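The structure appears right after this line, and notes come after that.
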Amino acid sequence: MPVEPLTVTPPKPKKRSGCFKYLVFAILLVLVCGGIYIYWKFYYPYTSDGVKSGYLNFAVEKGQIFKTYEGKLIQEGIRGVMGGGVQSNEFEFSIKDKKIFDILKMNSGKRVDLHYKEYNGVIPWRGNTRYIVDSIISMRDAPEPSGF
């Protein structure tokens, strides 16, 4: 009696269900949409070319984990508040670069024109505000107050 050779047939690959394909597609779609949203919210400037003028109140470095550079500009003029009172126009901003921070830190009280970008969201390592100052356009001494 002749012995027949053993033949092994490879197992048929499992056919993936259509549900698995839709699940992979849905996960990829969520990841792409999430990436687009994060880029739009935190990295795409809402205002890419703005200028604010006023008197520099202060420039400070602060933060617990992420050290950021922050500042405040007091703008001329007044505006009413809900109680009928009056308050000054303040512009709080974050500073992009240490060089700009060093210049502003040493010139508190001067009249400055600052170029900034406004973003839709705040990132802790970029600063505490949506307004990021990236350059100083001009700086001059504050005028002397006139006597009465």
Side-chain angles (χ1 to χ4, degrees), residues 9-148:
T9 58
K12 292 182 181 177
K14 275 190 169 180
K15 191 174 183 182
R16 292 191 175 157
S17 67
C19 190
F20 180 75
K21 292 177 186 176
Y22 288 119
L23 180 65
V24 169
F25 178 74
I27 290 172
L28 287 175
L29 184 64
V30 166
L31 288 175
V32 167
C33 289
I36 291 171
Y37 175 76
I38 288 171
Y39 175 76
W40 171 80
K41 179 79 174 166
F42 300 109
Y43 294 99
Y44 184 76
Y46 176 71
T47 302
S48 61
D49 194 23
V51 176
K52 293 275 187 177
S53 299
Y55 298 99
L56 182 63
N57 192 3
F58 65 82
V60 296
E61 180 181 8
K62 63 181 176 179
Q64 297 292 325
I65 297 174
F66 301 107
K67 295 291 185 187
T68 59
Y69 308 116
E70 309 296 327
K72 185 186 286 187
L73 197 69
I74 306 297
Q75 298 175 295
E76 292 180 346
I78 54 174
R79 64 177 171 178
V81 238
M82 289 180 34
V86 175
Q87 71 179 23
S88 64
N89 296 321
E90 296 178 348
F91 174 60
E92 294 187 14
F93 56 91
S94 300
I95 304 167
K96 180 179 183 177
D97 191 350
K98 182 166 176 39
K99 293 176 190 174
I100 296 170
F101 167 72
D102 289 337
I103 294 169
L104 291 176
K105 177 177 69 171
M106 300 308 292
N107 290 290
S108 183
K110 291 190 176 183
R111 182 164 177 77
V112 294
D113 297 329
L114 301 174
H115 183 269
Y116 70 95
K117 292 182 181 180
E118 178 183 0
Y119 292 88
N120 291 311
V122 176
I123 302 175
W125 53 87
R126 186 170 59 198
N128 293 335
T129 68
R130 298 177 356 179
Y131 304 99
I132 310 298
V133 169
D134 56 4
S135 65
I136 301 169
I137 296 174
S138 69
M139 184 180 307
R140 55 197 171 278
D141 288 328
E144 294 295 324
S146 58
F148 285 84

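None of the values given here were measured: they were computed from a predicted structure.
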**Report entry** Gap between atom OH of Tyr131 and atom CG of Leu114 - 0.5 Å precision
**Finding:** 14.0 Å
Query - Over 12 foreign heavy atoms within 6.0 Å of OH, Tyr44 - result: no
Query raised in the report: Which distance, rounded to the nearest 0.5 Å, do you find between the CD1 of Ile132 and the OH of Tyr69?
Result: 13.0 Å
Query - Spacing of CD1 belonging to Ile27 relative to OH belonging to Tyr22, to within rounding of 0.5 Å - result: 15.0 Å
Query - Residues, nucleotides or ligands: over 12 heavy atoms within 6.0 Å of Phe42 CZ - result: yes
Requested in this report: For Asn120 and Trp40, indicate whether the former's side chain and the latter's backbone hold a donor-acceptor pair under 3.5 Å.
Outcome: yes
Query raised in the report: So, are Arg111 and Glu76 salt-bridged, with charged N and O less than 4.0 Å apart?
Result: yes
Query raised in the report: Side chains of Asp113 and Arg140: does their closest heavy-atom pair fall under 4.5 Å?
Result: yes
Query raised in the report: Can you list the residues that meet the ring pair (Phe, Tyr, Trp, His ring centres under 6.0 Å) rule with Phe93, with sequence neighbours excluded?
Result: Phe91
Query raised in the report: Hey, what do you get for NZ (Lys52) to CD1 (Ile137), rounding to the nearest 0.5 Å?
Result: 12.5 Å
Query raised in the report: How would you list all residue pairs meeting side chain to side chain donor-acceptor pair (under 3.5 Å) that involve residues 100-109, not counting sequence neighbours?
Result: Lys98-Asp102, Asn107-Lys110
Query raised in the report: Would Glu90 and Lys72 satisfy salt bridge (Lys or Arg N to Asp or Glu O under 4.0 Å), going step by step from the backbone distance to the final call?
Result: CA-CA 7 Å; Glu90 296 178 348; Lys72 185 186 286 187; 3.5 Å; yes
Report task. Look up atom CD1 in Ile95 and atom OG in Ser135, then write down how far apart they are to the nearest 0.5 Å. Result -> 12.0 Å
Query raised in the report: Counting N and O atoms only, with roles assigned by atom type, does the side chain of Glu70 sit under 3.5 Å from a partner on the main chain of Asn128, one being a donor and the other an acceptor?
Result: yes
Report summary line: dist His115:NE2 -> Ser48:OG (nearest 0.5 Å) comes out at 7.0 Å
Query raised in the report: Within a strict 4.5 Å, meaning less than it, do heavy atoms of the Phe66 and Ile123 side chains meet?
Result: no
Report task. Determine whether Met139 and Ile103 make a side-chain contact, defined as any pair of heavy atoms from C-beta on separated by less than 4.5 Å. Result -> yes
**Report entry** Nearest atoms (heavy-atom pairs only) where Gln75 meets Ser53
**Finding:** CG-O, 3.3 Å
Query raised in the report: At their closest point, which heavy atom of Ser94 faces which heavy atom of Gly127, and how far apart are they?
Result: OG-CA, 3.4 Å
